[in-house]
Amino acid sequence: MGDLPLNINIQEPRWDQSTFLGRARHFFTVTDPRNLLLSGKQLEASRNIVQNYRAGVVTPGLTEDQLWRAKYVYDSAFHPDTGEKVVLIGRMSAQVPMNMTITGCMLTFYRKTPTMVFWQWVNQSFNAIVNYSNRSGDAPITVQQLGTAYVSATTGAVATALGLKSLTKHLPPLVGRFVPFAAVAAANCINIPLMRQRELQVGIPVTDEAGQRLGHSVTAAKQGIFQVVVSRIGMAIPAMAIPPVIMNTLEKKDFLKVKNSPFSCSAPEGLPVLFCCSSIHVTRLEPELRAQIQAQNPSIDVVYYNKGL
């Protein structure tokens with residue numbers, strides 16, 4: 001069997017992203033929790049396969065299925081721009097189990113202030129790790145910036161939760177169940193822009209369709225961060241806005257009518273924001289960058305960027 005050809009485009013997903021099935025197969029492969037069980041040696045082997053292939057070197061005996069498997073293992077554990085290995089709980093493959101666990105606990109232990117504060121803190125700590133690990137671009141971020149983002153988001157989430165909890169004391173129980181969702185939504189509006197403030201200062205890389213860098217854009221960074229904030233809030237709706245209605249209904253039934261029942265349910269979240277590639281029309285870019293791109297290649301109308309997770 002001969003070596004693999006070098007024309008397989010592993011810059012793009014394996015499956016057609018214009019179809020629902022193609023997107024579903026791509027997302028489920030990237031977020032496969034089993035990737036968390038892979039050893040450091042296996043991750044490095046996958047990275048070597050991908051980097052060698054991109055450099056025009058095919059590992060002897062490598063099949064196309066093995067190449068795609070290595071590509072998805074690599075994508076699940078390494079940052080797309082910096083190439084650094086992402087901390088375990090910040091990886092895409094950790095999103096579903098981590099979010100299900102934390103969301104379930106926030107929805108379950110919202111009645112008492114200490115437990116509510118604790119789980120909001122856990123959630124924002126996890127979000128801080130995810131936002132940093134899956135930021136767009138390769139611009140460095142200082143410890144002070146990380147600390148400011150973390151403290152601000154955690155404080156915002158806890159303050160929102162406490163404020164709403166006090167306001168809902170005399171309202172129907174169903175209203176109180178939405179306090180965790182409101183706190184998470186508010187924290188996302190704080191955490192993500194602050195954790196990625198460096199991108200708003202220096203911009204993020206924009207590329208052509210072939211992946212060649214054309215420059216850095218603050219405009220693209222603003223658009224990408226806004227998209228992520230909206231996506232994060234929308235992503236939380238199935239897990240944090242629908243279960244409260246279901247549980248409120250079930251707890252009125254005889255078979256689940258237990259005083260101060262601590263049980264809740266959680267739906268998996270983490271898929272809607274995983275398609276990180278986004279685009280922007282050249283005319284919307286900064287004048288200097290727009291002029292630079294048009295001078296180099298007047299035929300380019302749209303550029304692409306990694307908006308982050």
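On a predicted model such as this, the values are computed, not experimentally measured, just so you know.
Note on Y305 and V282: same hydrophobic cluster, where clusters join Ile, Leu, Val, Met, Phe, Trp and Tyr whose side-chain heavy atoms are under 4.5 Å apart, directly or indirectly. Following chains of ILVMFWY side-chain contacts shorter than 4.5 Å, one cannot reach V218 starting from F226, and the two form parts of different hydrophobic clusters. Residue M98 is grouped with residue I233 when hydrophobic side chains (ILVMFWY) are merged at heavy-atom distances under 4.5 angstrom, including chains of intermediate members. Side-chain heavy atoms closer than 4.5 Å link hydrophobic residues (I, L, V, M, F, W, Y) into clusters, and following such links, possibly through other members, connects I129 to V151. Cluster membership check: I8 does not share its hydrophobic cluster with V57, using side-chain heavy-atom separations under 4.5 Å among Ile, Leu, Val, Met, Phe, Trp and Tyr.
Proximity of a side-chain donor or acceptor of Q95 to a complementary backbone N or O of T31 within less than 3.5 Å is not detected. Checked by atom type and distance alone, the side chain of Y53 never pairs as donor or acceptor with a backbone atom of K71 at under 3.5 Å. Judged by distance alone, with hydrogens and angles left aside, the side-chain atoms of E64 form no donor-acceptor pair with the main-chain N or O of P5 at under 3.5 Å. Between the side chain of R91 and the main chain of S76, no donor-acceptor pair closer than 3.5 Å is present. Between the side chain of Q223 and the backbone N or O of S279, at least one donor-acceptor pair lies under 3.5 Å. With E286 contributing its side chain and T219 its backbone, the two residues share a donor-acceptor pair below 3.5 Å.
With rounding to the nearest 0.5 Å, the separation of CG in N123 from OG1 in T101 is 11.5 Å. Between the CG atom of L43 and the CG atom of N48 there is a distance of 11.0 Å, given to the nearest 0.5 Å. Residue I225 holds its CD1 atom at 7.5 Å from CD1 of I204, rounded to the nearest 0.5 Å. One finds the OG1 atom of T115 at 12.5 Å from the CE atom of M106 (value rounded to the nearest 0.5 Å). The line from CG of L285 to CD of Q292 is 10.5 Å long, rounded to the nearest 0.5 Å. Annotation: the span from S93 atom OG to L88 atom CG amounts to 7.0 Å, rounded to 0.5 Å.
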Carefully, step by step, assess W15 and L21 under the rule side-chain contact (heavy atoms from CB on, under 4.5 Å).
-> CA-CA 8 Å; W15 299 281; L21 181 59; over 6 Å; no
Show your reasoning for whether side-chain contact (heavy atoms from CB on, under 4.5 Å) applies to T207 and Q212.
-> CA-CA 5 Å; T207 69; Q212 298 297 318; 5.7 Å; no
So I10 and R54, side-chain contact (heavy atoms from CB on, under 4.5 Å) or not? Walk me through it.
-> CA-CA 8 Å; I10 59 173; R54 287 174 176 169; 4.0 Å; yes
From CA spacing to verdict: salt bridge (charged side-chain N to carboxylate O under 4.0 Å, His left out), E44, K41 | CA-CA 5 Å; E44 289 298 329; K41 184 178 180 179; over 6 Å; no
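When all heavy atoms of G61 and Q66 are compared, the closest pair comes out as O-OE1, 3.7 Å. Across all non-hydrogen atoms, the minimal contact from I49 to A70 is CG2-CB, 3.8 Å. Of all heavy-atom pairs between C189 and V229, the closest is SG-CG1, 4.1 Å. Here the shortest heavy-atom pairing between N35 and T29 reads ND2-O, 3.8 Å. Looking at every heavy atom in both residues, L289 comes nearest to S217 through CD2-CB, 3.6 Å. Shortest non-hydrogen contact noted between P193 and L200 is O-CD1, 4.3 Å.
In terms of the side chain to side chain donor-acceptor pair (under 3.5 Å) criterion, residue partners of S299 (sequence neighbours excluded) are, by chain and number, N297. Applying the ring-ring contact (aromatic ring centres under 6.0 Å, His included) test to Y74 and every residue at least two apart in sequence or in another chain returns F78.
Residue L37 belongs to no hydrophobic cluster, having no ILVMFWY side-chain heavy atom closer than 4.5 Å to its own.
Around the CD atom of Q51, the shell of radius 6.0 Å holds more than 12 heavy atoms that belong to other residues, nucleotides or ligands.
Using a 4.5 Å cut-off on side-chain heavy atoms (C-beta onward), F118 and P114 make no contact. In this structure, V30 and H26 have side chains that are in contact, with non-hydrogen atoms separated by less than 4.5 Å. Counting heavy atoms from C-beta on, the side chains of W68 and P13 never come closer than 4.5 Å.
With salt bridges taken as basic N to acidic carboxylate O contacts below 4.0 Å, one links R14 and D65.
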